[in-house]
Amino acid sequence: MRKHRIAAIPGDGIGKEVVAAGVEALTALAALDGGFELEFEHFDWGSDYYKGTGLMMPADGLEKLKPFDAIYFGSVGAPDLPDHITLWGLRLAICQPFDQYANVRPTRILAGIESPLRNAGVGDLDWVIVRENTEGEYAGQGGRSHRGHPEEVATEVAIFTRAGVRRIMRFAFQTAQARPRKFLTVVTKSNAQRNGLVMWDEIAAEVAKEFPDVTWDKMLVDAMTVRMTMKPRSLDTIVATNLHADILSDLAAALAGSMGIAPTANLNPERQFPSMFEPIHGSAFDITGMGIANPIGTFWSGQMMLEHLGEQAAADRLMRAIETVAANKALHTPDLGGNARTADVTAGLIAAL
Ligand code: IPM
Ligand code: MG
């Protein structure tokens, strides 16, 4: 029997609730499939751990995670801690050292889910956003001097390396090539950001030559928000910088019906390190502990994890079950306008499996 070892890091807020739901669903799926086993180990890292220890994860946290086949992550963020502490202490502290440079965010309107776009339904919005995930605006370069003085100065430097842009561009062209439309949109802001993002455009043109069967075009990020909203069918695969894709992927999730549905894979495509799978919504402390968090984003992230682990048949089965659950309005949580609870959706998903 194939065995996959998964590190589960629920983190903060509703992360704890949705990861519990995801582990329950994936365990049920593995038992039904019969060909593989998932062995979960839980790590209680995050804001509560920080309050006890001053650290979001232990100093040897990465060493602990390294032997796993994948990481199943919830969310980070607490109302009483600064967001940059929680983010840099856990999520980015894993993505960057594990070189998870390709952040993949599929979004589509599922049957039964209502898009806020007038006249948009199933098939009208079916995108994969590829987000550069180790450098750019999230490189962490910069500093502050003369703190608190009127002359205080702060810099936040975006870093773009030829190697970094080339590898994400190759990954994005490959992603586009594997989809039926073979169509990629390269997003930048190379009119205003005249150094790093002009290099992006140049590298995109170079890499495009390696993929003659992929059609591609370019968009400036501001105009991209309009195209996503007004002409969703005109897009398929999208590649953008760390920050631009962060923003565009929230828009994409909202246009597809809810932040509660959207999944993410943080991939180290070369598999030197474990990859990490998580819903894109945050810790959502406004609804934490109420049992109404939508677990679909976590199920879908689990589906991406199974694909990465080579369990394609189980991944397909899970996707069909997710579609069945989404189509059933009685299983819609409040973010989708319903009154189902996390536990109802989880039971519904397992029944659909
Ligand atoms: C995301 C999130 C994170 C990010 C937050 C939690 C810092 O918004 O995964 O998109 O900006 O990367
Ligand atoms: Mg985001």
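Whatever order the structure lists them in is the order used to number ligands and atoms, beginning at 1. Counting from 1, the numbers follow the sequence of the chain as shown.
Ranking protein heavy atoms by distance to atom 3 (C) of ligand 1, first place goes to Arg91 NH1, 4.1 Å. For atom 8 (O) of ligand 1, the nearest non-hydrogen atom of the protein is Asp246 OD1, 3.3 Å.
By the 6.0 Å contact criterion, CG on Asn339 is open, its count of non-hydrogen atoms from other residues, nucleotides or ligands being 12 or less. No more than 12 heavy atoms of other residues, nucleotides or ligands lie within 6.0 Å of CD in Glu114, so this atom counts as exposed by the packing criterion.
A salt bridge between Lys64 and Asp60 is present, with a side-chain N of the basic residue lying under 4.0 Å from a carboxylate O of the acidic one. In this structure, Asp48 pairs ionically with Lys16, as a charged nitrogen and a carboxylate oxygen lie closer than 4.0 Å.
Looking at Arg131 against ligand 1, only its side chain comes within 4.0 Å, counting heavy atoms.
Ring pair His308/Phe277 is tilted by interplanar angle, where 30° to 60° counts as tilted.
Between the Mg ion (ligand 2) and the N, O or S atoms of Asp246, the shortest distance is to OD1.
For ligand 1, none of its N or O atoms has an N or O atom of Glu278 under 3.5 Å away. Polar contact check, Arg105 against ligand 1: a nitrogen or oxygen pair lies under 3.5 Å apart. Backbone and side-chain nitrogen or oxygen atoms of Tyr138 are examined, and one is located within less than 3.5 angstrom of a nitrogen or oxygen of ligand 1.
Ile129 and Phe173 end up in different hydrophobic clusters when Ile, Leu, Val, Met, Phe, Trp and Tyr side chains are linked at under 4.5 Å.
Below 4.0 Å from some heavy atom of Leu87 lie the following atoms of ligand 1, by number and element: 7 (C).
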